[in-house]
Amino acid sequence: MEKTHSNLYKRQKSEPVMSVTLDKNYAFYLTLNLDQYAGKWIAIVDKKVVAQGENLKEVYNQSKKEYPGKKPLFDHISKNPLQFLSKWL
């Protein structure tokens, strides 16, 4: 078979589609009231916050222990939500 752009990048049917999982978790993340997680790391799996803590390693280990086959979405929630804008204001 000739190697062309279209058949080099075709996804095999058995490959998981990670973007679907991240999209639904990210959509859930956008609806959260993050005040209670200020200053902490969080992990989201299946549209639920499944772990929270002071450092990413702790949150990663907790989420992987409880949901070993899943790919969590991680984020650090700033204590000041507009902190990233401060250098431009």
Side-chain angles (χ1 to χ4, degrees):
M1 177 193 287
E2 181 182 333
K3 291 185 178 183
T4 65
H5 183 275
S6 62
N7 64 14
L8 281 176
Y9 294 101
K10 282 186 180 174
R11 186 176 62 82
Q12 299 297 319
K13 288 185 180 186
S14 62
E15 291 180 38
V17 181
M18 188 172 143
S19 63
V20 172
T21 301
L22 291 180
D23 288 345
K24 76 176 181 176
N25 287 326
Y26 186 67
F28 170 75
Y29 168 82
L30 294 175
T31 67
L32 280 176
N33 177 353
L34 299 173
D35 294 342
Q36 63 187 329
Y37 306 111
K40 296 184 179 182
W41 283 92
I42 63 170
I44 298 173
V45 174
D46 294 335
K47 300 192 288 185
K48 294 184 288 189
V49 176
V50 297
Q52 61 178 311
E54 299 298 321
N55 66 60
L56 179 57
K57 185 175 183 179
E58 170 188 322
V59 172
Y60 175 83
N61 289 337
Q62 184 181 352
S63 64
K64 288 310 244 182
K65 180 180 177 184
E66 293 180 30
Y67 296 88
K70 302 287 184 166
K71 295 191 184 294
L73 173 67
F74 298 97
D75 194 25
H76 183 264
I77 310 306
S78 175
K79 289 182 181 180
N80 177 4
L82 299 178
Q83 182 176 12
F84 71 94
L85 292 175
S86 63
K87 60 182 163 185
W88 292 293
L89 297 177

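By convention here, the first residue in the shown sequence is residue 1.
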In a table with atom names and distances, give each donor-acceptor pair under 3.5 Å that connects a side chain of residues 51-62 to protein atoms at least two apart or in another chain.
from: N55; atom 1: OD1; to: K57; atom 2: N; distance (Å): 3.3
from: N55; atom 1: OD1; to: E58; atom 2: N; distance (Å): 2.7
from: N61; atom 1: ND2; to: K57; atom 2: O; distance (Å): 3.3

| query | Just wondering, do P72 and K64 contact through their side chains at under 4.5 Å, heavy atoms? | reply |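 Yes; the side chains approach each other to less than 4.5 Å.
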Are [X] and [Y] connected in the hydrophobic side-chain network, where two residues link if heavy atoms are under 4.5 Å apart?
X: Y26; Y: F74; answer: no
X: Y37; Y: I44; answer: yes
X: Y67; Y: I42; answer: no

With rounding to the nearest 0.5 angstrom, report the [atom1] to [atom2] distance, [X] to [Y].
X: N25; Y: K48; atom1: CG; atom2: NZ; value: 10.5 Å
X: L34; Y: Y29; atom1: CG; atom2: OH; value: 5.5 Å
X: D46; Y: L73; atom1: CG; atom2: CG; value: 12.0 Å

| With distance as the sole test, does K40 use its side chain to make a donor-acceptor pair with the main-chain N or O of S78 at under 3.5 Å? |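 Checking the backbone N and O of S78 against the side chain of K40, no donor-acceptor pair under 3.5 Å is found.
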